[in-house]
Student: 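The structure's right below; bear with me while I get my questions together.
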Amino acid sequence: MTISADHEAQGLADARPDDTDANDQASEVRRKFGISVEDYMLPARHQIQMVDPSGVLKPEAEQGTEPGHEYPIPGDAELMAAYEQLVVGRRVNDQNSALVRQGRMAVYPSSHGQEACQVAAALCLREGDWLFPTYRDAVAVMSRGVDPVETMTIFRGDWHGGYDPTKHKVGIQCTPLTTQLLHAVGVAHAAKLRGEDTVVLAMCGDGATSEGDFHEALNFAAVFHLPVIFFVQNNKYAISVPLSQQSVAPSLAHKAVGYGMAGERVDGNDLVALLAVLDRAVKLAREGSGPLLIEAHTYRMQAHTNADDATRYRQDSEVAEWTAKDPISRMTSYLTGRGLLDDDGSTRIAAKAESVASQLREGLGEDVPVDPQNLFRYVFSTPTPQLKEQSALLADELAREASSQKEAGK
């Protein structure tokens with residue numbers, strides 16, 4: 001239950017009279033928002049939703065906002081740019097699933113149904129900010145400007161991540177669960193020590209909140225007051241484990257208050273609300289308000305990866321329920337109703353999406369020369385004796401194999 005807005009923030013300071021940070025935070029919150037520090041940290045009583053599943057803008061009184069949790073509607077240009085990325089992202093997800101079936105990609109964790117989260121996460125950041133994605137966030141990586149083929153290289157099974165993280169300010173997509181949150185906190189801490197104007201957005205799923213790294217990252221970010229947005233895409237399952245078997249907290253956003261940071265819940269299939277909430281979170285972090293935790297309620301429409309059978313742990317009726325909440329159909333209806341999207345615009349965006357899909361088919365269809373010595377070449381800057389020995393054994397084996405093939409061809 002949210003503490004009432006008339007609760008005195010001074011009570012927190014009285015409980016710890018020597019803690020000047022608590023006093024400063026309480027004073028700052030009251031000055032900015034006119035509410036208690038507890039009400040600032042706790043999420044609004046209802047998730048933020050601006051556009052309902054049918055594509056109709058909800059009355060402001062029904063959007064879930066409260067004092068200190070108000071969100072203006074993003075501008076038309078931002079909405080149209082985001083919608084274009086949304087459509088491209090869906091086409092990319094479907095194209096990659098086809099490429100896996102054709103054997104041109106080893107694996108692909110589709111974000112079909114979660115594209116609104118992906119797009120909003122990328123577009124809320126400035127060029128100099130950092131994004132740390134998970135393995136399911138390829139659409140977010142592309143939306144930050146990374147070449148589509150470079151983005152998907154990691155799923156082809158290549159020895160490298162495909163793109164330069166420092167060039168794009170995008171961490172390599174992480175398969176180990178939650179390690180990217182620690183990387184994000186480290187980058188934010190370094191940026192703060194250098195006096196840089198950098199905000200870091202770290203993405204994770206609901207399953208990640210059960211990991212120790214999640215606790216360590218949030219606690220460090222809060223203690224050192226770092227400009228990090230922890231963006232949890234709650235798609236209801238950690239592979240096959242439902243959220244009810246991971247946490248009994250009122251919401252994952254409520255975990256924020258335990259670390260001394262602000263939390264918020266947002267409809268993860270409402271692109272308008274996502275942009276509004278994340279834009280504000282980044283603004284607050286940039287202004288020095290410290291880290292924030294945003295939980296987006298969304299759904300993974302397809303299997304965890306091509307190796308997963310989702311029918312073993314969820315019902316078709318559940319999938320059908322979320323199909324009606326699809327972010328693309330919702331946004332299409334909203335923009336069309338406002339006169340921002342017409343047939344010409346839809347045709348142009350669809351053509352761009354198909355162009356990206358064609359680029360992926362062509363780029364991922366090319367054979368890549370394989371050098372087995374890369375297994376050892378890039379592990380350490382100075383190879384260990386064990387790696388040198390293994391490399392020599394492989395070189396000898398390859399040389400003998402080549403010699404045998406040459407003899408056989410005579």
Side-chain angles (χ1 to χ4, degrees), residues 43-44 46-55 63-64 71 82-83 85-87 89-90 92-94 109-124 131 133-143 177 201-210 229-244 246-247 249 251-255 263-278 281 293-305 308 310 313-315 317-332 334:
H46 304 285
Q47 73 168 350
I48 307 301
Q49 184 189 75
M50 294 182 169
V51 176
D52 69 21
S54 67
Q63 292 178 8
Y71 301 97
Y83 177 74
Q85 292 296 333
L86 190 67
V87 174
R90 174 62 56 84
V92 165
N93 272 322
D94 293 345
S110 175
S111 62
H112 185 119
Q114 297 182 216
E115 293 95 346
C117 293
Q118 309 271 301
V119 170
L123 297 189
C124 71
L131 175 73
T134 73
Y135 51 80
R136 197 178 302 283
D137 298 327
V139 171
V141 174
M142 282 179 46
S143 298
L177 203 61
L201 191 146
M203 305 178 75
C204 68
D206 51 287
T209 66
S210 300
I229 311 300
F230 296 99
F231 185 40
V232 181
Q233 296 176 83
N234 178 1
N235 65 15
K236 312 299 179 263
Y237 291 94
I239 305 183
S240 60
V241 180
L243 182 63
S244 61
Q246 299 180 65
S247 175
S251 76
L252 297 178
H254 278 79
K255 292 179 180 288
E264 193 68 284
R265 293 175 290 179
V266 60
D267 183 343
N269 286 17
D270 179 359
L271 183 56
V272 178
L274 282 163
L275 290 169
V277 170
L278 288 173
L293 173 64
I294 308 297
E295 176 191 6
H297 292 266
T298 185
Y299 195 76
R300 167 172 54 80
M301 296 299 298
Q302 298 180 347
H304 177 71
T305 68
D308 173 44
Y313 54 84
R314 67 185 191 186
Q315 303 298 317
S317 58
E318 181 180 290
V319 178
E321 176 187 346
W322 280 91
T323 299
K325 303 175 183 178
D326 184 83
I328 291 185
S329 59
R330 182 186 307 199
M331 197 65 179
T332 301
Y334 173 67

Student: Just by distance, with hydrogens left out, do Gln118 and Gln233 show a side-chain donor and acceptor under 3.5 Å apart?
Tutor: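 Gln233 and Gln118 do have a side-chain donor-acceptor pair below 3.5 Å.
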Student: Kindly assign one of parallel, tilted or perpendicular to the pair Trp322 and Tyr299, based on the angle between their ring planes and the thresholds 30° and 60°.
Tutor: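 Ring orientation, 0 to 90° scale: parallel.
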Student: Out of Asn93, Thr298, Thr134, which residue meets the side-chain hydrogen bond (donor to acceptor under 3.5 Å, both in side chains) rule with Ser111?
Tutor: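 The passing option is Asn93.
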Student: Give the intermediate values and the outcome of side chain to side chain contact (heavy atoms under 4.5 Å, CB included) for residues His304 and Arg136.
Tutor: CA-CA 9 Å; His304 177 71; Arg136 197 178 302 283; 2.7 Å; yes
Student: Report the distance from atom CG of Leu243 to atom NE2 of His297, rounding to the nearest 0.5 Å.
Tutor: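 Going from CG on Leu243 over to NE2 on His297, the span is 8.5 Å.
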Student: Which residues pass the side-chain contact (heavy atoms from CB on, under 4.5 Å) test with Ala276, sequence neighbours left out?
Tutor: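 Only Met50, Tyr71, Pro74 meet the side-chain contact (heavy atoms from CB on, under 4.5 Å) criterion with Ala276.
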Student: Heavy atoms only: give me the nearest Met203-Ala140 pair and the separation to one decimal.
Tutor: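 Here Met203 and Ala140 meet closest at SD-CB, 4.0 Å.
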Student: Asp308 and Tyr313: side chain to side chain donor-acceptor pair (under 3.5 Å), yes or no, with the steps?
Tutor: CA-CA 10 Å; Asp308 173 44; Tyr313 54 84; 2.6 Å; yes
Student: With side chain to side chain contact (heavy atoms under 4.5 Å, CB included) as the test, pick out the partner of Leu271 among Ile328, Leu86, Val51.
Tutor: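 The option that passes is Leu86.
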Student: Do Asn234 and Lys236 have side-chain heavy atoms sitting under 4.5 Å apart?
Tutor: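 The answer is yes; the side chains approach within 4.5 Å.
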Student: Using atom types as modelled and distance alone, determine if a side-chain donor or acceptor of Arg300 lies under 3.5 Å from a backbone N or O of Ile239.
Tutor: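 Yes.
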Student: Working to the nearest 0.5 angstrom, can you tell me the gap between Asp52 CG and Asp267 CG?
Tutor: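 It comes to 9.5 Å.
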